[in-house]
Amino acid sequence: MRRFDSMAALTLAIVIWAYPTLARGGAAADVAKESFHKGVQLYNAKDYKGALAEFLAAYEAKPHHSVLYNIAQCYQMTDDNAKALDFYERYLKEGADYVDEERKAEILEEIEKLKLLLCPLALDVLPDGATVSLDGKTLGTSPVAKIEYIEPGEHHVSVQKDGWAPFTKTFVAKRDAARE
């Protein structure tokens, strides 16, 4: 699933307008602004991986919710739908006080489309208080309440807790054709 280039350009134009107001506040803000503008140039040149690196650097230097949208777009354009979903959700959460209802509805619609391309994963883990990891990324401690959406393919889940034998399982996630 790819967005139309005109929609992406429009979105980037909106975020470009919002981001420079953040560029007050010293060296970190200068780095963020420079990385952000490089990211926009690379995105417009269709170098989505390069743009992603710059947007991530901008966010790391000076976090702002608007950059999360750009990061999500780059992940989506490089077919990393699980990460795109994660960053769209972060965008809505971190920008809850700033994202208007129309924009929120658009993002929620995009999130639902991405979920159809992914595999829902719910984990029921015992004992409580165990560290749960998926593909090397810590999800949290059990019980894990959030359903994760993962790319189809092979994955590894591990569970660790002091006093318990570690558990590791490899599985293959497949999309449910009935959900599409």
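Side chains included, hydrogens not; waters and symmetry mates left out as well; all remaining heavy atoms used.
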Give a yes or no answer on whether the side chain of S35 reaches the backbone of A32 with a donor-acceptor pair at less than 3.5 Å.
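No, because the side chain of S35 does not come within donor-acceptor range (under 3.5 Å) of the backbone of A32.
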Show the atom names and distances, to 0.1 Å, of all donor-acceptor pairs under 3.5 Å that link a side chain in residues 124-137 to residues at least two apart or in another chain.
from, atom 1, to, atom 2, distance (Å)
D135, OD1, H156, N, 2.8
D135, OD2, H155, ND1, 2.5

Heavy atoms from other residues, nucleotides or ligands near NZ of K83 exceed 12 (cutoff 6.0 Å)
no
Tell me whether D162 at atom CG has more than 12 heavy atoms from other residues, nucleotides or ligands lying less than 6.0 Å away.
no
Would you please name every residue forming a salt bridge (charged side-chain N to carboxylate O under 4.0 Å, His left out) with [X], sequence neighbours left out?
X    : result
K38  : E34
E154 : none
E151 : none
E112 : K115

With hydrophobic residues grouped by side-chain heavy-atom distances under 4.5 Å, do I111 and Y75 end up in a single group?
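Same cluster.
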According to a 4.5 Å side-chain heavy-atom criterion applied to Ile, Leu, Val, Met, Phe, Trp and Tyr, with indirect links allowed, do V144 and V159 form part of one hydrophobic cluster?
yes
Looking at residues at least two apart in the chain, or sitting in another chain, which of them share a side chain to side chain contact (heavy atoms under 4.5 Å, CB included) with [X]?
X    : answer
A51  : L42, Y43, F55, C74
E109 : K113
K174 : V172
K93  : none

Per the ring-ring contact (aromatic ring centres under 6.0 Å, His included) rule, what does the pair list look like for residues 95-131, sequence neighbours excluded?
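The answer is H65-Y98.
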Quick one: [atom1] on [X] to [atom2] on [Y], what's the gap to the nearest 0.5 Å?
X    : Y    : atom1 : atom2 : value
K46  : M77  : NZ    : CE    : 7.5 Å
I150 : L121 : CD1   : CG    : 4.5 Å
L108 : L92  : CG    : CG    : 5.5 Å
Y149 : L85  : OH    : CG    : 8.0 Å
Q76  : Y48  : CD    : OH    : 11.0 Å
I147 : L118 : CD1   : CG    : 13.0 Å

Those residues that, when tested against F167, pass ring-ring contact (aromatic ring centres under 6.0 Å, His included) (two or more places apart):
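For F167, no residue satisfies ring-ring contact (aromatic ring centres under 6.0 Å, His included) once neighbours in sequence are set aside.
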I'd like to check V157 versus L139 (side-chain heavy atoms, cut-off strictly below 4.5 Å). Are they in contact?
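Sidechains of L139 and V157: no contact.
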Do I107 and Y69 make a side-chain contact, defined as non-hydrogen atoms from C-beta onward lying under 4.5 Å apart?
yes
I need the minimum non-hydrogen distance between A58 and F36, along with the two atoms involved.
CB-N, 3.7 Å
With E94 via side chain to side chain donor-acceptor pair (under 3.5 Å) - residues at least two apart
Y59
